[in-house]
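Notes for the one structure printed next.
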Amino acid sequence: MTHADRPSAPDTTPPDATARKDFLREKVAEDALSGRFGRPIHTRFPPEPNGFLHIGHAKSICLNFGIARESGGRCNLRFDDTNPTTEDLRYVDAIRDDVRWLGFAWDEERFASDYFERLYQIAETLVGAGKAYVDSQSEEAIREGRGTVTVAGMPSRFRGRAVEENLDLLRRMRAGEFPDGAHVLRARIDMAHPNMLMRDPLLLRIRHAAHYRRGTAWCVYPLYDFAHGLSDAFEGITHSLCTLEFKDNRELYDWLVREAGFDRPPEQTEFARLELDYTVLSKRKLLRLVSEGHVAGWDDPRMPTIAGLRRRGVTPEAIRAFADRIGVARSDARIELATFEHAVRDDLNMQVPRVMAVARPLKLVITNYPETQVETLDAPLYPHDVPKTGSRPVPFSRELWIERDDFMEDPPKKFFRLAPGREVRLRYGYLVTCTGMVKDAAGEIVEVHAAYDPATRGGDAPDGRRVQGTIHWVSAGHALDCELRLYDRLFAVPDPDALPEGGDFVAALNPDSLVTMRAAKVEPSVAEDPPGSRYQFERAGYFISDPVDSRKSALVFNRTVALRDSWAKVKAR
RNA sequence: UGGCCCUUCGUCCAACGGCAGGACAGCGGACUUUGGAUCCGUUAAUGGUGGUUCGAAUCCACCAGGGCCAACCA
């Protein structure tokens with residue numbers, strides 16, 4: 001499931017000195033020039049292995065790895081694995097796969113869990129310096145004592161403990177003498193600080209839980225603020241890039257690296273996280289969709305996860321181009337789905353071969369075509385404006401499948417497809433004129449009849465006459481049965497996070513996010529292609545043969561993204 | 001009744017005291033053997049009020065709107 005469908009195409013975009021820089025790149029460039037850190041630029045991408053990466057992480061990955069590469073620096077992949085109760089090796093593997101698939105290579109792979117000893121030693125140092133103490137209040141008491149945003153906190157009655165007592169307690173915490181929640185280590189800063197994070201933040205908590213990497217070696221685990229900045233400092237990170245909601249954490253970050261004695265400590269800079277219309281980008285919510293079975297897994301093609309997008313058929317190049325285009329700034333940004341879809345189409349248009357497939361087959365009988373005749377047409381794999389060559393054989397015969405939507409008994413004026421008396425072009429085939437139709441007892445059209453013009457083989461009329469419409473088709477006797485999974489937006493509303501009070505985002509799920517066409521037909525040229533092959537099904541959209549479920553005997557194609565459909569707009573009027 | 005941050009076309013990003021520009025979306029047209037792509041054209045913005053200045057999107061003040069912070073999550 002986490003297996004990449006093909007070797008990743010590395011990000012080889014050359015640094016462009018003339019490119020307009022965002023505020024992050026400007027800052028890094030300044031710092032590189034001034035040499036203020038006394039070391040090369042060094043960034044890191046620091047995921048917690050408690051879920052799969054999503055498109056929002058991709059933005060951060062592109063930023064961190066991209067900036068490092070552009071400035072001749074380095075970028076670490078660091079697993080921020082300080083919470084034994086939520087993390088799993090499975091997620092570590094998935095994250096590695098996703099980063100590689102996106103086209104990035106990390107310089108060093110690190111784990112915050114490798115720093116537990118070092119962090120613990122710093123904890124003792126802080127205690128020794130009177131900068132930290134062991135608090136033995138209950139969780140509830142600690143919370144209450146913190147005050148609120150408008151009310152100052154109250155010091156814990158344990159705040160004044162002697163250094164020796166604190167040290168003794170801390171060592172016994174580590175030794176496992178106390179149950180979960182009995183004590184915590186807190187920094188001694190200011191319980192009335194206007195920044196809530198500075199009101200004696202928790203540094204270490206007791207958790208008698210096995211860690212997926214450290215097993216039961218530890219029972220005290222650092223909290224995010226204690227681990228993160230110091231991990232950056234240990235690794236010589238210069239620029240610690242993170243999202244806006246960590247703004248307040250920076251004050252604590254700076255306090256910790258300063259107290260720990262780092263000379264030219266890393267500097268945190270925040271940027272706006274990605275928000276995308278019609279989806280959610282919070283691991284908590286995505287985990288819920290998976291665990292409650294609203295989707296088929298982390299790699300469900302409807303998921304905004306890297307794994308989901310990969311299985312959906314999106315390319316790493318498209319994701320990188322998307323990240324480039326949306327830019328980066330400090331204001332909250334919600335991106336329209338169209339922006340993402342454009343990046344996907346823009347890339348796929350130039351990469352993938354065209355073939356024909358019919359989602360909702362309707363029989364077309366070419367009544368003047370010889371019963372047993374079969375012609376093999378040579379159809380190009382790419383349109384004239386894509387600089388790629390190649391063709392495939394496409395069988396043509398008397399009975400074809402066409403798209404049900406491409407025929408109307410009583411069409412409106414702007415309908416350019418097949419209708420009684422209308423002539424259309426069968427793509428790469430012949431010009432045909434509709435001569436009639438057959439209906440079943442219920443009045444449903446079950447068959448369309450047409451006459452072809454033998455002089456128009458390939459689709460050009462020697463007399464120069466024009467037809468308005470071209471439709472796709474597959475030969476009924478040669479078509480391959482297949483299943484088409486037509487994916488659409490996961491949510492029915494642009495911002496599922498903006499809930500009416502008391503609402504549950506799950507209620508906003510789009511019931512039509514997956515429409516399965518089980519009786520679809522595809523031309524035989526794709527028969528031998530391996531799973532994970534991408535195509536444009538002409539006039540329909542971009543598809544990928546499902547890397548997980550598609551079999552030679554049971555083809556399954558996922559719709560990556562539909563083609564732009566200007567007919568839909570006309571029709572809507 | 002705290003602190004911090006943000007506010008430029010519908011959306012995203014630029015303009016760093018000197019002609020508000022690009023991308024996506026939209027609209028119109030050309031072209032077209034995909035109602036695709038491409039090309040051309042076009043609509044469309046500095047939240048408000050004051051101030052500083054020869055000149056303000058940019059600096060200052062106030063107001064309004066939005067966001068983050070009160071997990072032993074990250």
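For the numbers below, each heavy atom of this structure counts, side chains included, while hydrogens, waters and symmetry mates do not. Labels below follow one simple rule: chain letters A, B, ... track the order of the sequence lines, proteins then strands, and each chain is numbered from 1. Since the model is a prediction, treat every value here as computed from it, not as a measurement.
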What string of B, S and - do you get for nucleotides 24-31 of chain B, 5' to 3', if B is base contact, S is sugar-phosphate-only contact and - is no contact with any protein heavy atom under 4.0 Å?
SSSSS---

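- Legend: residues meeting salt bridge (charged side-chain N to carboxylate O under 4.0 Å, His left out) with Arg110(A), ordered by chain and number and at least two apart, are Glu108(A).
- Atom P of A15(B) sits at a distance of 15 Å from the matching atom of A57(B), rounded to the whole Å.
- Nearest-nucleotide mapping onto RNA chain B: of Phe416(A) and Ile326(A), the residue sitting toward the 5' end is Ile326(A).
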Here RNA chain B, pairs taken as Watson-Crick or G-U under 3.5 Å and shown with ( ), [ ] when crossing and | when to another strand, reads .((((((..((((....[..)))).(((((.......)))))....(((((..]....))))))))))).....

How does protein contact run along nucleotides 67-74 of chain B, one letter per nucleotide 5' to 3', with B for base contact, S for sugar-phosphate only, - for none, heavy atoms under 4.0 Å?
SBBBSBSB

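- Here, U58(B) and C24(B) have their P atoms 29 Å apart, quoted to the whole Å.
- Distance alone, capped at 3.5 Å, is enough to place a donor-acceptor pair between the Arg392(A) side chain and the Arg354(A) backbone.
- At the heavy-atom level, Gln468(A) lies nowhere under 4.0 Å from the strands shown.
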For residues 177-184 of chain A, dump all side-chain donor-acceptor pairs below 3.5 Å to protein atoms at least two apart in sequence or in another chain.
| residue | atom | partner | partner atom | Å |
| --- | --- | --- | --- | --- |
| Glu177(A) | OE1 | Arg172(A) | NE | 2.7 |
| Asp180(A) | OD1 | His208(A) | N | 2.8 |
| His183(A) | ND1 | Ser136(A) | OG | 2.7 |

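- Partners of Ser282(A) according to the side-chain contact (heavy atoms from CB on, under 4.5 Å) rule, which considers only residues two or more places apart in sequence or in another chain, are Arg284(A), Lys285(A).
- The pair Arg489(A)-Asp277(A) fails the salt-bridge criterion, with no side-chain N (NZ, NE, NH1 or NH2) lying under 4.0 Å from an Asp/Glu carboxylate O.
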